[in-house]
Number of protein chains: 2
Amino acid sequence: MTTELSMTGYALLGLLVFDARTSDEGMTGYELKQRADLTLRYYWVSPAMSQIYTELDRLHGLDLVEAFETHEGKRRSRHFRVTEHGREELHRWLHTPAAEAFPVLKHPVALRLLMGALSDPETVDSWLADYLEQLERHRADLQGVRELLADRHEVRYPARVAEWGLSYYDAEREIVEKLRTEIRSELD
Amino acid sequence: MTTELSMTGYALLGLLVFDARTSDEGMTGYELKQRADLTLRYYWVSPAMSQIYTELDRLHGLDLVEAFETHEGKRRSRHFRVTEHGREELHRWLHTPAAEAFPVLKHPVALRLLMGALSDPETVDSWLADYLEQLERHRADLQGVRELLADRHEVRYPARVAEWGLSYYDAEREIVEKLRTEIRSELD
DNA sequence: TGTAGCATGTAAGCCGTTACATGATTGA
DNA sequence: TCAATCATGTAACGGCTTACATGCTACA
């Protein structure tokens with residue numbers, strides 16, 4: 001019997017394995033959320049807090065993580081650490097050929113552009129301009145993450161993924177700028 | 001009162017508006033699915049049949065589309081056509097500044113790559129190789145769609161979105177090939 | 001004659017979000 | 001003292017998928 005987890009489950013398990021290399025205290029759900037905001041967010045999703053706690057409970061039920069409660073003062077927190085079984089399960093998953101692993105893109109801007117003819121060039125151009133602004137912000141955030149990782153060998157894979165993301169943002173900027181020029185030329 | 005629809009709702013409405021420019025018979029749910037497979041799939045999702053029928057019922061309930069049943073022989077089918085109210089609603093939506101319109105990317109390959117250190121370079125390379133293959137297939141499909149649209153003025157927006165998609169696939173191929181070279185260099 | 005494609009739907013269930021609810025600690 | 005941050009959870013619900021169920025029609 002192979003316990004199939006959700007992608008998000010494996011993602012969290014991965015964060016915990018990663019954490020275990022620099023600390024043995026484990027991580028709280030809260031900390032996992034912060035970590036997810038720095039990494040997962042760009043290539044997957046950053047799950048809601050409630051989702052993280054739910055998922056951690058599931059992982060715990062499957063003995064893929066162990067939990068221990070700590071009390072500093074009156075504040076209670078649960079720290080999670082990946083178990084040997086959890087490590088094995090993650091490895092198993094990583095070595096299982098990923099059936100249908102193609103990315104899903106939900107691109108509201110492209111969706112709107114599809115219906116551009118129902119609007120006017122000025123409006124369409126403003127969608128693209130707004131998108132470019134957001135793109136810059138996201139790019140800058142990710143650039144920050146990239147710099148945080150520096151060229152430390154232990155984090156070379158996260159660094160590569162960050163670079164992947166940056167190159168994606170760059171490609172988006174380029175094509176969107178091209179589209180803007182084209183659409184603005186319709187204004188005459 | 002502004003009836004907020006789901007994105008998929010607006011997407012289907014858009015397909016129906018588009019259809020109305022070349023035909024006035026409307027479209028069946030089945031046909032909408034096929035159309036979605038040709039367009040929406042690349043920038044949004046292609047909803048399951050059941051989802052399409054559900055969504056059509058909702059749109060009908062809101063008087064955004066009208067339905068009429070036809071019988072050819074013993075086969076029953078429901079054809080849907082956008083109503084004036086539906087058109088207005090779509091226009092309203094298109095001219096509403098899209099709060100948080102940033103794309104969501106669910107990229108299983110990037111997610112795995114993040115954990116590349118838990119595997120070995122050969123395996124990681126094989127993930128990327130598989131991904132490249134799938135990428136080529138998707139690109140070819142989308143290229144087919146692009147050619148179908150030719151340079152007919154009425155479909156210039158869909159054509160632009162198709163080109164956007166193609167450039168995205170190209171950027172993916174480029175970065176993934178770069179990553180492969182880098183990872184294979186670890187094999188020595 | 002049988003299979004692929006046309007055509008429509010219901011039911012169960014997963015994954016994830018938002019809203020709600022609670023409370024401790026740190027620091028301005 | 002008040003806001004921000006740390007910290008954990010429950011409830012309701014939306015969107016979407018898969019599995020299931022049904023039946024017609026064209027054509028090889």
Side-chain angles (χ1 to χ4, degrees), chain A residues 3-13 25-38 40-41 43-62 65 67-80 99-100 102 104-106 108 111, chain B residues 3-13 25-38 40-41 43-62 65 67-80 99-100 102 104-106 108 111:
Chain A
T3 36
E4 272 308 323
L5 248 44
S6 70
M7 282 280 189
T8 302
Y10 288 112
L12 292 179
L13 210 50
E25 303 162 31
M27 291 172 88
T28 67
Y30 194 88
E31 286 167 339
L32 275 164
K33 169 63 173 169
Q34 296 180 314
R35 194 62 65 88
D37 281 339
L38 278 185
L40 297 186
R41 168 156 92 91
Y43 330 105
W44 196 247
V45 280
S46 193
M49 289 280 3
S50 62
Q51 172 69 1
I52 287 181
Y53 289 116
T54 309
E55 201 59 49
L56 282 171
D57 284 340
R58 180 180 359 251
L59 293 174
H60 187 229
L62 294 167
V65 302
F68 35 105
E69 220 158 304
T70 60
H71 295 270
E72 38 170 330
K74 283 202 166 181
R75 200 210 213 96
R76 177 185 75 108
S77 53
R78 286 204 297 157
H79 285 247
F80 295 89
E100 200 42 70
F102 206 75
V104 172
L105 183 60
K106 292 204 171 193
L111 185 60
Chain B
T3 36
E4 270 310 321
L5 247 44
S6 70
M7 282 281 188
T8 301
Y10 288 112
L12 293 179
L13 211 50
E25 301 163 31
M27 293 173 86
T28 67
Y30 194 88
E31 285 167 339
L32 274 163
K33 169 65 174 168
Q34 296 180 313
R35 193 63 66 88
D37 281 340
L38 277 185
L40 296 186
R41 167 156 93 92
Y43 330 103
W44 195 247
V45 280
S46 194
M49 289 279 5
S50 62
Q51 172 69 2
I52 287 182
Y53 288 116
T54 308
E55 200 61 49
L56 282 172
D57 284 340
R58 184 185 350 257
L59 293 174
H60 188 229
L62 294 166
V65 302
F68 36 103
E69 221 157 305
T70 60
H71 295 268
E72 39 170 328
K74 281 203 168 183
R75 201 211 213 92
R76 178 186 73 109
S77 52
R78 287 203 297 156
H79 286 246
F80 295 89
E100 199 43 69
F102 206 75
V104 172
L105 183 60
K106 292 205 171 195
L111 185 60

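Everything numeric here is computed off the predicted structure, so don't read it as measured data. Below, read A as the first sequence line, B as the second, and so on, with proteins coming before strands; counting in each chain starts at 1.
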Does a nitrogen or oxygen in the side chain of A:Y53 sit under 4.0 Å from OP1 or OP2 of D:dG9?
-> no
Does OP1 or OP2 of C:dT10 have a side-chain N or O of B:S50 closer than 4.0 Å?
-> no
Are side-chain heavy atoms of B:T8 and B:L40 found at a separation under 4.5 Å?
-> no
Are A:Q34 and D:dT5 close enough that a side-chain N or O sits under 4.0 Å from OP1 or OP2?
-> no
Side chain proximity check, A:Y30 to A:Y53, heavy atoms < 4.5 angstrom | yes
For the residue pair B:H60 and B:F80, does the interplanar ring angle fall in the parallel (under 30°), tilted (30 to 60°) or perpendicular (over 60°) class?
-> perpendicular
Whole-Å distance, A:I52 CD1 to D:dA7 C1', equals 12 Å
Roughly, in whole Å, what's the span from CE in A:M27 to C1' in D:dT8?
-> 16 Å
To the nearest angstrom, how far is A:R75 atom CZ from D:dA4 atom P?
-> 16 Å
Would you say A:R76 reaches D:dG9's phosphate, i.e. side-chain N/O to OP1/OP2 under 4.0 Å?
-> yes
Reckon A:T70 touches a base, only the sugar-phosphate, or nothing at all at heavy-atom distances under 4.0 Å?
-> nothing
Nearest to the side chain of B:R58, which nucleotide is it out of C:dA7, D:dT8, D:dG15?
-> D:dG15
Proximal nucleotide (of C:dC6, D:dG15, D:dC24) relative to the B:Y30 side chain = C:dC6
Give a yes/no on whether any side-chain N or O of B:T8 is located under 4.0 angstrom from OP1 or OP2 of D:dG15.
-> no
Check whether the side chains of A:T70 and A:S77 place a donor and an acceptor atom closer than 3.5 Å, and report yes or no.
-> yes
B:E55 has an atom CD; how far is it from atom C1' of D:dT17, in whole Å?
-> 14 Å
Per nearest nucleotide of DNA chain C, the residue lying toward the 5' end, B:D57 or A:G73, is B:D57
Separation of B:D37 atom CG from D:dT17 atom P, in whole Å?
-> 11 Å
Whole angstrom is fine here: how far is it from CZ in B:R78 over to P in C:dG9?
-> 4 Å
Roughly, in whole Å, what's the span from CD in B:E69 to C1' in C:dT8?
-> 10 Å
Closest of D:dG15, C:dG16, C:dT17 to the A:A48 side chain is C:dT17
Within-4.5 Å side-chain heavy-atom neighbours: A:M27 and A:H79 = no
Separation of atom CE in B:M49 from atom C1' in D:dA19, rounded to whole Å = 15 Å
